[in-house]
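Heads up, the thing below is written out as structure tokens.
Order of the sequence lines sets the chain letters (A, B, ...), proteins ahead of strands, with each chain counted from 1. All heavy atoms count here, side chains included; hydrogens, waters and symmetry mates do not.
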2 protein chains.
Amino acid sequence: MNQPAVEPTDRKILSLLARDGRMSFTDLGRATGLSTSAVHQRVKRLEQRDLIQGYGATINHAEIGVPLAAFISIRPIDPSQPDDCAARLEHIEEIESCWSVAGEESYVLLVRCTSPAALEDLLARVRAAANVSTRTTIVLTTYYENRPVTGTVEDEPG
Amino acid sequence: MNQPAVEPTDRKILSLLARDGRMSFTDLGRATGLSTSAVHQRVKRLEQRDLIQGYGATINHAEIGVPLAAFISIRPIDPSQPDDCAARLEHIEEIESCWSVAGEESYVLLVRCTSPAALEDLLARVRAAANVSTRTTIVLTTYYENRPVTGTVEDEPG
DNA sequence: TTTGAAAAAGCTTTACA
DNA sequence: TGTAAAGCTTTTTCAAA
């Protein structure tokens, strides 16, 4: 219910930067009614507090030769072993995201690769690295990804 | 096997910007052995070609009051109806990503919200908006998300 | 925390190879 | 495509409130 430790101006800055990570301090200032150096300090503080964890370009995977995306759901083969899947899988570069989840499976991975053959190879490496069984769900269409979800209501018109 | 239409220098730039979307053209130039204005031109071209689709800040959802993430897997209730789930769901702001998938379900959504109660409310809105049944998988831990997967081998040491 | 001003750094264009 | 140089804008730091 409460939204801890982030006051409205900072939320606004976060929301703007989530949408355009290259927005200049000058423009952020205009959008928030602060001076350039005031926003600058706030952004640095947001970075220090780790509320902003980084900045990234959104890449068109389909067009750069990595058109195949899939979810790999993971189940440990031996539940008595220590569960360190995330660490064991970290070195595999095709894994974009790694979550542990509640439900029938223990982990979900989002992976990207060049072809079905590459996916088959990737699956083998995942199973071997973490001693798990896998269930793979191929992505057919990406309608959208990583839309900003900041819990902020956007600008009034004008 | 072939990686279409992106030559090595552009791949390098894409990879660097995926990791740091605020990197300056000067630094990109240093990293690629090009002049500032040469990289500048390349980046603009990459944006025009839509290989770079945008820039965003990575927000710490847990700390800004949106700590709950979940996957919602979707199955249409009436398979004879036209399948326009993505369009019907687009206005729901808690949906960060929307994929159609091969497998038992038709779509997977990644959503973020403030609390279990908010998730329950969100699920009701998803079902109502798209006339679907849902299966929800709650995220327990996010080990990492949105690691850059560019298919580029990174820098030599030095 | 904010501002305003000044210095440093970076961006963008132009002219040209 | 590329470079170099010039002019302009933004970033960053600082003293003061």
* For E7(B) and dG2(D), what is the distance between atoms CD and P respectively, to the nearest whole Å? -> 7 Å
* How close do I59(B) and Q53(A) get, heavy atom to heavy atom, and via which atoms? -> O-OE1, 3.6 Å
* **Face-on cation placement of R22(A) at F25(B) ring, 6.0 Å and 45° thresholds** => yes
* How about Y144(B) and W99(A): are their ring centroids closer than 6.0 Å? -> no
* Structure fact -> Angle separating the five-pair end axes of the helix from dT1(C)-dA17(D) to dA17(C)-dT1(D), nearest 10°, is 30°
* **Salt-bridge present (E63(B), R11(A); N to O < 4.0 Å)** => no
* Using atom CZ of R30(A) as one end and atom C1' of dT3(C) as the other, report the distance to the nearest whole Å. => 17 Å
* Asked: Run the salt bridge (Lys or Arg N to Asp or Glu O under 4.0 Å) check on R125(B) and E94(B) step by step: do they pass?
  -> CA-CA 11 Å; R125(B) 279 182 283 136; E94(B) 290 95 331; 2.8 Å; yes
* Nucleotide dG2(D), atom P - distance to CG of L28(B) in whole Å -> 14 Å
* Asked: What's the CZ-P distance between R22(B) and dC11(C), to the nearest Å?
  -> 11 Å
* Is a salt bridge present between E105(B) and R75(B), judged by a nitrogen-to-oxygen distance below 4.0 Å? -> yes
* To do: State which of dT11(D), dT3(C), dC11(C) makes the closest approach to the side chain of F25(B).
  => dC11(C)
* **d(CG, L34(B); P, dA17(C)) in whole Å** => 20 Å
* S35(B) has a side chain; which of dT3(D), dT3(C), dT11(D) sits nearest to it? -> dT3(D)
* Asked: Taking atom C1' of dT9(D) as reference, at what distance in whole Å does atom CE of M23(A) sit?
  -> 16 Å
* Do you know the tightest heavy-atom contact between A31(A) and L16(A)? -> CB-CD1, 3.7 Å
* For G21(B) and Y55(B), work out which heavy atoms get closest and say how close. => O-CD2, 3.7 Å
* Structure fact -> In numerical order, the residues of residues 36-46 of chain B whose heavy atoms come under 4.0 Å of DNA chain D are S37(B), A38(B), Q41(B), R42(B), R45(B)
* Asked: Between E96(A) and R147(B), is there a salt bridge with N-O shorter than 4.0 Å?
  -> no
